[in-house]
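For reference, the structure is listed below as structure tokens.
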Amino acid sequence: MPPGDGRAAAARTEAEAVAVQRLLRERLVRDEAGPPADGTGTVAGVDVAYDDERDLVAAAVVVLDAGSLEVVAEATAVGPVPFPYVPGLLAFREVPAVVRALDRLAEPPGLVVCDGYGLAHPRRFGLACHLGVVTGLPTIGVAKSPFTFRHDVPGTARGSSSPLLDGEEEVGRALRTRAEVKPVFVSAGHRVDLDTACAHVMRLTPHYRQPDPIRRADRACRDALSAAAATGARGPA
DNA sequence: GCGACAG
DNA sequence: ATCTTGTCGC
């Protein structure tokens, strides 16, 4: 499917969503290393906030220069909530608004960092994989909890990691981005391998546990949601 | 069947 | 995700 064709990934029921995942998964590219984590190019963070009372979802994309980590572009999108929260089907709730926000950028980012999982998923097709296949962009997932997977506690030094395991299979990595602080859970998405994903996450976490682009996107989508809720509007004026 | 379960 | 004060530490 062509990049930006978000509607092709829509679903109304859980069974339909699972079927869509299985179809989209065939388009997942796993044999590319991904953009080098050497400070060149741009990296975007995406995140979404909800107001279920008002049936509003707000997505934000914040694009940073990969070297300086300064913001070079930003976009948001607001709309109705398209799908309930179902573990394993988060993408159907988040991806449509994120795709609309990405479409508003003048230039596509070199890498997209998602707040959630990629291959670390019951059907190996988490949010980051889904967004990557739908947009064609390289993606990785960075989650704050281990979901259903197990892992040994990594060393306490920044940069220590241990495999995130589904049985014997390494589906991601518990990566300590700050000494003495809970690790984050990194997994590959589309067109990026796990080692490269972890290297990017290290570069993107000079100060905090979570990658800078994610933190900025988190703030931006909350702001966009507040503005939309106050106005009663579903788009910028 | 029951519980656990990214955001 | 979201509801929410103070508190500890750099």
Side-chain angles (χ1 to χ4, degrees), chain A residues 9 11 14 17-18 21 24-25 28 45-62 76-99 101 112-133 139-151 156 158 164-167 170-175 177-190 194 197 201 205-211 213-226 228-230:
Chain A
E14 293 187 27
V18 171
Q21 277 183 335
L24 291 179
R25 195 192 178 317
L28 185 69
V46 299
D47 198 13
V48 168
Y50 300 95
D51 184 339
D52 286 293
E53 286 279 303
R54 296 185 168 92
D55 187 34
L56 282 175
V57 54
V61 187
V62 179
T76 60
V78 180
V81 182
F83 206 83
Y85 172 67
V86 180
L89 299 177
L90 182 61
F92 295 89
R93 187 167 166 83
E94 307 220 331
V95 164
V98 171
V99 169
V112 180
V113 183
C114 301
D115 189 0
Y117 285 119
L119 284 173
H121 179 275
R123 290 172 293 278
R124 301 293 178 271
F125 201 72
L127 170 63
C129 298
H130 193 128
L131 182 66
V133 167
T139 57
I140 67 176
V142 181
K144 299 179 290 297
S145 74
F147 203 5
T148 62
F149 306 107
R150 36 174 235 84
H151 66 94
T156 58
R158 166 173 150 84
L164 186 63
L165 299 170
D166 186 356
E170 182 181 31
V171 294
R173 211 163 278 163
L175 178 64
T177 54
R178 284 199 70 188
E180 315 286 324
V181 173
K182 280 193 304 182
V184 295
F185 301 89
V186 180
S187 55
H190 184 57
L194 183 55
V201 171
T205 51
H207 303 301
Y208 303 99
R209 177 166 91 115
Q210 290 201 247
I214 292 288
R215 298 183 80 252
R216 293 185 189 267
D218 180 79
R219 275 227 319 199
C221 70
R222 287 172 197 256
D223 289 349
L225 183 65
S226 305

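Between A:Y50 and A:E94, the side chains place a donor N or O and an acceptor N or O closer than 3.5 Å (distance only, hydrogens not considered).
Residues A:V57 and A:V78 have side chains not in contact (no heavy-atom distance under 4.5 Å, counting atoms from C-beta outward).
Residue A:R219 qualifies as open at atom CZ: its count of foreign heavy atoms under 6.0 Å is 12 or below.
Ring orientation note: the planes of A:F125 and A:H130 are tilted relative to one another, at an angle of 30° to 60°.
Both tests hold for A:R215 against A:Y208: distance to the six-membered ring centre under 6.0 Å, angle to the ring axis within 45°.
The CZ atom of A:R25 lies 10.0 Å from the NE2 atom of A:H121; values are rounded to the nearest 0.5 Å.
Of the candidates A:D166, A:L194, A:L165, A:V171 forms a side chain to side chain contact (heavy atoms under 4.5 Å, CB included) with just one, namely A:D166.
In this structure, A:H207 places its NE2 atom 17 Å from P of C:dC10, rounding to the nearest Å.
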* To do: Assign a letter to each nucleotide of nucleotides 1-7 of chain B from its 5' end: B, base within under 4.0 Å of a protein heavy atom; S, sugar-phosphate only; -, no contact.
  => ----BBB
* To do: Might you work through the salt bridge (charged side-chain N to carboxylate O under 4.0 Å, His left out) test for A:D115 and A:K144, ending with a clear yes or no?
  => CA-CA 8 Å; A:D115 189 0; A:K144 299 179 290 297; 3.0 Å; yes
* Per-nucleotide pairing state of DNA chain B [Watson-Crick or G-U, under 3.5 Å; [ ] pseudoknot-crossing; | other strand] -> .......
